[in-house]
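The structure appears right after this line, and notes come after that.
Predicted model, so just to flag it, every value in this text is computed and none were measured. For the numbers below, each heavy atom of this structure counts, side chains included, while hydrogens, waters and symmetry mates do not.
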Amino acid sequence: MKTLIFILTITCFISSNPLYAQHHLQQIDSLVTKQFTNYELAGNILIAQKGAIIYQKSLGLADVRNHVPVDEHSAFQLASVSKLFTSVAILQLKQKGKLKLDDPVKTYLPAFRYSDITIRHLLSHTSGLTDFQMLEKPYAADTAKQFTIADLVPAINQDDKAILFKPGEKWSYSNSGYGLLALIVEKVSGISFPSYLTKYIFQPAGMNHTYVNTPILKVADKHRVKGYDYPSYAPWIRYRVDSLPHNRIELYNLGGIIGPGNVISTTSDLLLFDRALYGSKLLKPSTLQEALTPTRLANQELATAGWGKTDAYYGLGWMILKDTTYGKVVFHSGGMPGAVTLFLRNITKDQTVILLNNVTHRGTHPIGVYLFEVLNGGSPTGSKQSLANLYTRTLFKTNAEEALAKLNTHKTDTAHYYLNEQEMNRQGLQLFYQGYQPAGLEVLRLNTILYSASWNVYDSYAQVLKAVGRRQESILMYHKSLELNPKNKGAERALAELLPDKK
């Protein structure tokens, strides 16, 4: 269902304690407001120093259809931030002497085929396991199936391509590995994974509004937000992510897998988790320190994750920010349809930054790091704005002339704007195939002018020209694409269809 969303800002708390630099908090609030206005942020933000909340804000709607605003009690899908709890569970069992991190997975899951993969490999994403690709064949055999962690070992065993490289050789993010960790927790503890988290993590930390929720294991919660996505060219239009067919596999078929995701929580509960990580309430300091130490690969290089502002090493369930300008910073990010999240801790200064977003705003993670930097006296400029967004949104609202004028006005302002070929290409195709053919054609045509040396822009433009029956123009564009990239087999096939009489 297509729904228009209205800009709505609720609950803003800025500490009046003189201990904190008020101008930094005001800069943070200005940045948050700007990113919300630019459709780059929604949901809940909480920033704390030494456990005291110094900034808190709720943005947007928890339920668009019923106009329910987000508030401080709103509960969000954490996506991959959930992995932190899986890591803590495994490390607790290690502390109790019930497992060793260098034990083979096969010790606890005897049916598992690969004897050289250890628990440490799973925790550090160095096992070589693919993400969920091993479930492609079982899914093809039964597209109505809802997978659980019980399906992972058989699927891995039956897929000769389930392992990408020798364990410890590289770093490669694997959700399936964290599903196996949840299975190990169940085997070792003798209770279900959700029950373990509740008994040994959530309750000791006082997290009374945190729980595991899946399409199979449903928990009623009036405070849980709905998840939304939007077309890049019109972000004020919101779609429930579970209403979009392309999300069905991730949300329905894979939605029952616990360990890598599916923990629901609030910003307040996550702050309680942050506090519980100090002392020995959940883990001994020495155990936590091990988790916060970068993993070394077999070649002694450090396992690396993240990108841009989130460029980091990877420990045992934690990312460790490479930039130590403001101290040792550890975090985990999460992202899935209708949920983009960040949980960041500055160990040196005892600072906490939490962002829980119920709209698929892909810029949430770097924005969180920007907020952290501003808190510590860094530049308040924030991330640059996308000219592709500005252009296509203006085109959608007005006309091609006004959109081009805005593009030309700002394209030299590289301090505040950036222009990206792939973004323009993606948005042009999105416009075209979502019912706005003239606008889509215009975006893709312009992209061939902006990036005249790229074979891909001609290929995309040729594709849509072919779709609307502009045969000769499509042929010219495919020829240009092939001229720039003679290995473009897709263009060769398209030309064979457009020129059936040519050998």
Side-chain angles (χ1 to χ4, degrees), residues 79-80 82-83 86-87 90 101-187 193 214-216 245-262 295-299 301 303-307 314 316-317 319 334-337 487-490 493:
S80 285
S82 305
K83 289 181 174 66
T86 306
S87 171
I90 288 289
L101 298 186
D102 293 314
D103 285 342
V105 172
K106 190 175 178 66
T107 302
Y108 306 96
L109 306 177
F112 189 65
R113 170 180 170 186
Y114 298 96
S115 58
D116 53 348
I117 294 178
T118 67
I119 292 174
R120 187 184 299 275
H121 288 139
L122 298 182
L123 274 174
S124 60
H125 294 292
T126 59
S127 67
L129 276 171
T130 58
D131 199 5
F132 283 135
Q133 287 87 339
M134 73 284 295
L135 298 175
E136 289 177 357
K137 289 182 180 178
Y139 168 76
D142 181 5
T143 58
K145 183 174 178 60
Q146 289 183 292
F147 294 96
T148 69
I149 54 176
D151 297 301
L152 290 174
V153 171
I156 292 168
N157 288 345
Q158 294 164 21
D159 187 349
D160 292 335
K161 297 181 180 179
I163 303 296
L164 297 172
F165 51 81
K166 185 178 179 181
E169 184 178 81
K170 299 178 183 178
W171 186 90
S172 182
Y173 201 75
S174 175
N175 282 297
S176 60
Y178 268 71
L180 292 178
L181 289 172
L183 199 57
I184 290 171
V185 170
E186 292 192 339
K187 295 291 184 180
F193 184 69
T214 76
I216 298 171
H246 63 266
N247 289 331
R248 185 178 187 275
I249 292 176
E250 184 169 356
L251 298 180
Y252 176 79
N253 301 99
L254 301 177
I257 297 177
I258 52 180
N262 289 324
T295 298
R296 287 200 178 273
L297 303 175
N299 63 5
E301 291 182 3
T304 302
W307 61 92
Y314 204 91
L316 302 179
M319 297 180 186
M336 61 182 292
K487 296 181 179 180
N488 185 357
K489 300 298 182 184
R493 289 191 294 270

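Under a cut-off of 6.0 angstrom, the local environment of NZ in Lys106 is crowded, with over 12 non-hydrogen atoms contributed by other residues, nucleotides or ligands.
Here the side chains of Leu180 and Ile117 are not in contact, with every heavy-atom distance at 4.5 Å or above. The side-chain heavy atoms of Thr130 and Asp159, taken from C-beta on, include no pair separated by under 4.5 Å. At least one side-chain heavy atom of Arg248 sits under 4.5 Å from a side-chain heavy atom of Asn253. Counting only heavy atoms from C-beta outward, the side chains of Pro260 and Leu181 never approach each other to under 4.5 Å. In this structure, Leu251 and Met336 have side chains that are in contact, with non-hydrogen atoms separated by less than 4.5 Å. A 4.5 Å side-chain heavy-atom check between Ile119 and Asp102 finds every atom pair outside the cut-off. Leu123 places none of its side-chain heavy atoms less than 4.5 Å from the side chain of Thr86.
Of the possible donor and acceptor atoms, one in the side chain of Ser87 sits under 3.5 Å from a partner among the backbone N and O of Leu316. A donor-acceptor pair is defined here as one N or O able to donate and one able to accept, closer than 3.5 Å; such a pair exists between the side chain of Asn262 and the backbone of Ile257. When atom types are taken as modelled, the side chain of Ser176 and the backbone of Asp131 share a donor-acceptor pair closer than 3.5 angstrom.
In this structure, Ala79 and Gly335 approach most closely via the heavy-atom pair CB-N, 3.5 Å. Contact detail for Gly255 and Pro215: the closest heavy-atom pair is O-CD, 3.2 Å. Taking both residues in full, the closest heavy atoms of Glu186 and Ile149 are given as OE1-CD1, 3.8 Å, listed atom of the first, atom of the second, then distance. Considering all non-hydrogen atoms of both residues, Tyr314 and Ala305 come closest at CD1-CB, 4.2 Å. Closest heavy-atom contact between Trp171 and Ala303: CD1-CB, 3.6 Å.
Scanning for side-chain hydrogen bond (donor to acceptor under 3.5 Å, both in side chains) contacts around Asn299 gives an empty result, with sequence neighbours left out. Every residue meeting the ring-ring contact (aromatic ring centres under 6.0 Å, His included) condition with Tyr114, not counting sequence neighbours, appears here in chain and number order: Phe112. For the side chain to side chain contact (heavy atoms under 4.5 Å, CB included) test, residues two or more places apart in sequence or in another chain that qualify with Arg493 are Lys489. Take Arg296 and apply the salt bridge (charged side-chain N to carboxylate O under 4.0 Å, His left out) test, not counting sequence neighbours, and it matches no residue. Asn157 pairs by the side-chain hydrogen bond (donor to acceptor under 3.5 Å, both in side chains) definition with nothing, not counting sequence neighbours. In this view, Pro138 and Phe147, Ala155 satisfy the side chain to side chain contact (heavy atoms under 4.5 Å, CB included) rule, not counting sequence neighbours. Looking at residues two or more places apart in sequence or on another chain, you find no salt bridge (charged side-chain N to carboxylate O under 4.0 Å, His left out) involving Lys161. Ser172 pairs by the side chain to side chain contact (heavy atoms under 4.5 Å, CB included) definition with Leu164, Phe165, not counting sequence neighbours. Remark: Tyr178 pairs with His125 by the ring-ring contact (aromatic ring centres under 6.0 Å, His included) rule, at least two apart or across chains. Residues that satisfy the salt bridge (charged side-chain N to carboxylate O under 4.0 Å, His left out) test with Lys145, not counting sequence neighbours, are Asp151. The side chain to side chain contact (heavy atoms under 4.5 Å, CB included) test applied to Gln158 returns Pro154, not counting sequence neighbours.
Atoms CD1 and OG1, on Ile216 and Thr148 in that order, are 6.0 Å from each other to the nearest 0.5 Å. If you take CD1 on Ile163 and CZ on Arg113, they are separated by 8.5 Å, rounding to the nearest 0.5 Å. We find the OG-NE2 distance between Ser174 and His121 to be 13.0 Å, quoted to the nearest 0.5 Å. Distance CG/Leu109 to CG/Leu152: 9.5 Å, rounded to 0.5 Å. Distance check, rounded to the nearest 0.5 Å: OG1 of Thr118 to CG of Leu101 gives 8.0 Å. The OH atom of Tyr108 sits 8.0 Å away from atom CD1 of Ile184, with the distance rounded to the nearest 0.5 Å.
Identified under the side-chain hydrogen bond (donor to acceptor under 3.5 Å, both in side chains) test for residues 133-143, with sequence neighbours left out: none.
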Lys83 and Asn175: CA distance, side-chain angles, deciding distance, side-chain contact (heavy atoms from CB on, under 4.5 Å) verdict:
CA-CA 9 Å; Lys83 289 181 174 66; Asn175 282 297; 2.6 Å; yes
